[in-house]
> 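The structure is given below, and queries will be raised subsequently.
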Amino acid sequence: MRVRFAPSPTGYLHIGGVRTALFNWLFARHYGGQFILRIEDTDEKRFVADATDDISASLRWVGLDWDEGPDVGGPHGPYVQSQRQALGIYQQHSEQLLEAGWAYMSFTSEEELAELRAASEARGHKAFRFRGPERDWPLEQQREVAASGKPYTIRLKLPLEGETRFSDLVRGGSEIVVQHEQLQDIVLIKKSGMPVYHFAHLVDDHLMGVTHILRAEEWVPSTPYHVVLYQAFGWQVPVFAHLPVILRQDGKGKLSKRKDDVATNRFWERGYLPEALFNYLALQGWSYDDKTEIMSRDELVSRFSIERVQASGARWNPEKLRDLNGIYIRKLSAAALAEQIEPFMVQAGLLSNPPSADEQAYLLRLVPLVHERLEELSQAPELLDFFFQAVRPGPEGYDPALLIPKKLDAAQTLSMLRAAHGALNIVEDWQSAKLEAALRDLSERLQVKVGPLFGTVRVAVSGRSVAPPLFDMLAALGREQTLSRLSLAAAALA
RNA sequence: GCCCCCAUAGUCUAGUGGCCUAGGACGUCACCCUUUCAAGGUGAAGAUCGCGGGUUCGAAUCCCGCUGGGGGUACCA
């Protein structure tokens, strides 16, 4: 079994493209087939030079590899269509169709076509199905006009009558039937000589021995053309499986580059783990059973089956992705998480670039404090910044009013802070359990509940009311910083 | 407009004629744990299985129609 992912380098790789690639990859790995990457750069107008690199890098980041492709080579290369075009592959095959009477040279220009289309619409016919007059000319006549220098395209000579049918693995094998009167003579070769998708992908799929075509649902309407073309060549029609589109969050249309944050290369900087994205994407349009959701790459490979792919579209659900990402973050070891977080800390200016060994050690020490509070790696700096920056009450810092617990006043808070300073100051062994004992003891002596006391200390030390567990925090912060921050807080209330 | 596809809670889904008083997850809410926030645990609300007809002893599951949603309609992919 051989499958492929064939993106066109018109920009960064869309997350929906990754899902398509992922299903192809899972299919190939599950059945022990080959997964091919092929670059379809036949659109000269939309070509983006570094898009191919982005596609490769994005796929690799998510954890996909390919058996044959532009950078790894293979027996059916080259794997870039512009290079195949230079070899004359498409020209040779279109010639074959021309000779066999399955295609013809069309001399109708784009301008004329636009006029015809407009006129058709003006007459109330919204469906414009073009069939060039040359479809009935002898091939020699077509060649003569072409020889005169008139630009032309090569179009499929679609049978006027009849219908074309094909089945789809995702849609339970029931046949999709399309009447030929609904179809038109599509362009196969542009006037530039470059093939169009419908032609190029098909020739390549055949030449590369692709057996199964897993692609997005938006290709269903053009599949009849492809089937006709396979028949015209006398080639075996591959098995089709059209994957459901990923819909926008509001359900209005498919994910779009313009309206949604779908650049694969941005998920890293947004704090997502590739394993989480991989797992999430596998669940967009596919499921294993009624319970299992968290699955490793290996588990996904062994469990994947095309029969369980959903036919209906799946909405993009960022909250679910976040949840999954949190689960995968919690699976990381402290050291691994520290390593993942480091770039974000550097980026935020909390660590030097590159970080010193001391900084790295300190970060590793802090990681357990935020480990299970992280849903995105990018949240780390905001959760940890006060360990690296001065914390003070006032205009440049936190609001001193935060220090005062409910039902208490400034004077009471002040004495609490002073007492806390005193109690902590005499702790000899600066570690979490000892610090906790000291403050619990203080709460009893002061006849103050633990909540307000700890809360005030938390604000004094972190500048916020929501923070990691207090005593681990104090222990990591150190005696000097803790005591000075308590003094600063007390001064603000004095 | 025309063609094609799809249709279970707000979302992702399980379910392929009786195990369904429709299961799981995200999200929401409550409680427990608890120094805050998380995590974890327990529980709740939330679906007349889009609607209407059939077929059948029996339908979320099969058939038809309708409605709704999505996709396509380029010398783009």
Side-chain angles (χ1 to χ4, degrees), chain A residues 6-10 40-46 106 108-110 113-114 117 121 124-130 151-155 168 170-172 176-179 181-184 186-192 194-198 200-201 215-224 242 244-245 247 249 251-254 280 283-294 308 310-324 326-327 330 370-375 383 436 439-440 443 449-459 462 464-471:
Chain A
S8 72
T10 55
E40 309 216 324
D41 56 346
T42 52
D43 186 343
E44 301 114 309
K45 296 189 186 86
R46 293 196 302 157
S106 171
T108 307
S109 69
E110 288 171 84
L113 216 43
R117 192 172 284 123
E121 272 183 44
H125 299 291
K126 282 222 168 179
F128 177 70
R129 304 188 220 289
F130 184 73
Y152 64 92
T153 60
I154 296 178
R155 286 181 182 269
D168 185 312
V170 173
R171 270 145 269 269
I176 295 171
V177 184
V178 178
Q179 301 300 318
E181 60 187 26
Q182 301 295 340
L183 270 22
Q184 61 175 337
I186 53 162
V187 168
L188 265 22
I189 304 285
K190 307 178 201 180
K191 98 183 152 209
S192 65
M194 195 63 108
V196 132
Y197 168 85
H198 301 296
H201 94 275
R215 77 225 304 188
E217 193 188 346
E218 54 247 30
W219 294 107
V220 171
S222 49
T223 303
H242 288 95
V245 289
L247 269 15
Q249 227 184 125
K252 298 200 187 304
K254 49 180 186 176
Y280 174 75
L283 261 18
Q284 290 276 288
W286 175 84
S287 64
Y288 175 59
D289 60 12
D290 60 337
K291 302 233 160 59
T292 321
E293 288 195 333
I294 310 301
R308 292 192 63 86
Q310 192 90 2
S312 52
R315 286 200 203 185
W316 183 250
N317 187 346
E319 287 176 332
K320 180 84 176 181
L321 208 209
R322 272 177 67 94
D323 178 66
L324 236 37
I327 290 172
R330 272 171 255 133
V370 294
H371 203 143
E372 64 191 22
R373 272 155 261 263
L374 244 34
E375 272 191 315
L383 256 33
E436 177 163 5
L439 284 195
R440 285 200 184 275
S443 97
K449 282 192 177 165
V450 124
L453 204 219
F454 292 2
T456 299
V457 175
R458 176 179 303 108
V459 172
S462 68
R464 62 190 67 175
S465 52
V466 174
L470 185 60
F471 303 103

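First the proteins, then the strands, lettered A, B, ... as listed; each starts at 1.
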> Under the salt bridge (Lys or Arg N to Asp or Glu O under 4.0 Å) rule, collect the residues that match up with A:Arg322, sequence neighbours excluded.
A:Glu375, A:Glu376

> Is any side-chain N or O of A:Arg322 closer than 4.0 Å to OP1 or OP2 of B:C26?
no

> Is A:Arg308 near enough to B:G15 that one of its side-chain N or O atoms lies under 4.0 angstrom from OP1 or OP2?
yes

> Name the residue closer to the 5' end of RNA chain B, choosing between A:Leu374 and A:Leu283 according to the nucleotide with the nearest heavy atom.
A:Leu283

> Quick one: what's the B/S/- string for nucleotides 65-75 of chain B, heavy-atom cutoff under 4.0 Å, read 5' to 3'?
-----SBS-SB

> At less than 4.0 Å, is any side-chain N or O atom of A:Ser8 found next to OP1 or OP2 of B:C76? Yes or no.
no

> Output all residues satisfying ring-ring contact (aromatic ring centres under 6.0 Å, His included) with A:Tyr288, sequence neighbours left out; order by chain, then residue number.
none

> I want to confirm an ordering. Mapping A:Arg440 and A:Ile176 to their closest nucleotides on RNA chain B, which one lands closer to the 5' end?
A:Ile176

> Can you sort out the partners of A:Lys191 under salt bridge (Lys or Arg N to Asp or Glu O under 4.0 Å), two or more places apart, ordered by chain and number?
A:Glu110

> Is there a side-chain contact between A:Ser287 and the phosphate of B:A14, meaning an N or O under 4.0 Å from OP1 or OP2?
yes

> Would you mind building the protein contact string for nucleotides 40-52 of chain B? One character per nucleotide, 5' to 3', B for base within reach (heavy atoms under 4.0 Å), S for sugar-phosphate only, - for untouched.
S------------

> Mind checking side-chain hydrogen bond (donor to acceptor under 3.5 Å, both in side chains) for A:Arg458 and listing every partner two or more places apart, or none if nothing turns up?
none

> Any side-chain N or O of A:Arg458 below 4.0 angstrom from OP1/OP2 of B:U35?
no

